[in-house]
Novice: 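What follows is a single structure, and I will ask about it in a moment.
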Amino acid sequence: MKTHALAIHGGAGTLVKGMMTPELETKYREDLKLALESAYNILKAGGSAVDAVEKAVIDLEDSPLFNAGKGSVFTATEAHEMDASIMDGKTLNAGAVTLIDSVKNPIRLARDIMDNSEHVFLAGEGAMEFAKLRQHVMESPDYFYDEFRHEQWLEIKDSDTFQLDHSVKKDSKFGTVGAVALDIEGNLAAATSTGGMTNKRYGRIGDSPIIGSGTYANNKTCAVSCTGNGEFFIRAVAAYDLACLIEHRGWTLEKAANAVIHERIKKINGEGGLIAVDRQGHIAMPFNTEGMYRASIDASGRQIIAIYK
Ligand code: ASP
């Protein structure tokens, strides 16, 4: 059966419901819809899952509402360190980048590493050198500056804590972004991009750029993009674990996705969620936080845009 499907997320751990204004909620929904539909158009026109997930993530990186690209959070040293990764389920090829700044669209860089280098994962200075060589668009710190995020950081900068950008009580924003897709050729792909966690230590790497933890795709099973406290998703090898539950236990996508978020991640006290799509176009979007910015169009064409449970 030739079908296609897509899901995107803008991070788990949203504002507590009472703090979200109707105007802000509308903005979130609009930006999610925009990213969803622009990527879906690629699939509808017969384009590849890899192109679709890259496009969705680019749109979300360009929105100041989400913690990726433009809206990235501040690190403990008042800087931005971004991470991103992408995986093609057909070839099991992957590209990932970590500890970068200035690059307007980290997901484009991850894609470029996948397509045009012999490597999978580039970090820091080496990644920046590759980005310059390949002429990726760079932006000044002003582009990434956001007053709200800066305030958010000022509140916890002298503490040892670091947090999901959205878990601050007075927060009015965002999360890591990601996308998963199935194209009409039956290929799956996943992509994830993030600014990480507010006040994270210099050099800290989360799950988002780690293939198998924050991102995974395999045509045999499913495509997955995670969001939440990266430390827990790394320890749980969450995205790959989900694929293994399908491959080795024969579980449905729904059952496997719920087990990862509501049992395995929860058991080690991790907070977060994920989006996943399988080869039949089923979609799962479980989370164990108050909300997760998410949107999807399944194989039957049904569209969902949601924030809370
Ligand atoms: N998973 C991301 C990280 O730990 C954060 C998030 O999903 O918001 O870097």
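Computed from heavy atoms alone, side chains included, the values below leave out hydrogens, waters and symmetry copies. All ligand and atom numbering here is 1-based and tracks the order in the structure.
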Novice: Which option out of Arg204, Met292, Glu231 puts a heavy atom nearest to atom 3 (C) of ligand 1?
Specialist: Arg204
Novice: Please state whether Gly11 comes within less than 4.0 angstrom of ligand 1, counting heavy atoms only.
Specialist: no
Novice: I'd like to check whether Gly206 has a polar contact with ligand 1, where a contact means an N/O of the residue lying under 3.5 Å from an N/O of the ligand.
Specialist: no
Novice: Can an N or O of Thr194 be found at a distance shorter than 3.5 Å from an N or O of ligand 1?
Specialist: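 No: no nitrogen or oxygen of Thr194 is under 3.5 Å from one in ligand 1.
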Novice: What orientation do His4 and Tyr40 show, parallel under 30°, tilted 30 to 60°, or perpendicular over 60°?
Specialist: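 Ring orientation, 0 to 90° scale: tilted.
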Novice: Just to be sure I read this right, does ligand 1 sit under 4.0 Å from the backbone of Cys226, its side chain, both, or neither, counting only heavy atoms?
Specialist: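 It is neither part, as no heavy atom is under 4.0 Å.
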Novice: With atoms numbered from 1 as shown, which atoms in ligand 1 lie under 4.0 angstrom from a non-hydrogen atom of Asp207?
Specialist: 1 (N), 2 (C), 3 (C), 4 (O)
Novice: Are Met82 and Leu99 connected in the hydrophobic side-chain network, where two residues link if heavy atoms are under 4.5 Å apart?
Specialist: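 No, separate clusters.
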Novice: Please check if atom CD in Glu129 has more than 12 non-hydrogen atoms from other residues, nucleotides or ligands closer than 6.0 Å.
Specialist: no
Novice: Give yes if a backbone or side-chain nitrogen or oxygen of Asp83 is under 3.5 Å from a nitrogen or oxygen of ligand 1, and no if not.
Specialist: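 In fact, backbone or side chain, Asp83 has no N or O that close.
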Novice: Can you figure out which of Val73, Thr227, Thr192 has its heavy atom closest to atom 7 (O) of ligand 1?
Specialist: Thr227
Novice: Verify side-chain hydrogen bond (donor to acceptor under 3.5 Å, both in side chains) between Asn105 and Asp62, making sure each step is shown before the conclusion.
Specialist: CA-CA 8 Å; Asn105 291 113; Asp62 289 346; 3.1 Å; yes
Novice: Just say parallel, tilted or perpendicular for the rings of Tyr145 and His150, cut-offs at 30° and 60°.
Specialist: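 Tilted: the ring planes of Tyr145 and His150 meet at 30° to 60°.
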Novice: Please work out which of the three classes, parallel, tilted or perpendicular, describes the rings of His80 and Phe144, given edges at 30° and 60°.
Specialist: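 Plane angle between 30° and 60°, so tilted.
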Novice: For Thr176, take its heavy atoms, then give the atoms of ligand 1 lying under 4.0 Å from any of them.
Specialist: 2 (C), 5 (C), 6 (C), 7 (O), 8 (O)
Novice: Could you tell me which atoms of ligand 1, counted from 1 in the order shown, lie closer than 4.0 angstrom to a heavy atom of Ser208?
Specialist: 1 (N), 2 (C)
Novice: Say whether, by atom type as modelled, one donor and one acceptor occur between the side chain of Glu54 and the main chain of Arg111 under 3.5 angstrom.
Specialist: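 Between the backbone of Arg111 and the side chain of Glu54 there is no qualifying donor-acceptor contact (under 3.5 Å).
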Novice: Using the rule given for side-chain hydrogen bond (donor to acceptor under 3.5 Å, both in side chains), can you reason through Thr192 versus Thr215, listing the C-alpha separation, both sets of side-chain angles and the distance that settles it, and then say yes or no?
Specialist: CA-CA 6 Å; Thr192 311; Thr215 305; 2.7 Å; yes
Novice: Would you say Lys200 touches ligand 1, if touching means a heavy atom closer than 4.0 Å?
Specialist: no
Novice: Against heavy atoms of Met197, which atoms of ligand 1 measure under 4.0 Å?
Specialist: 4 (O)
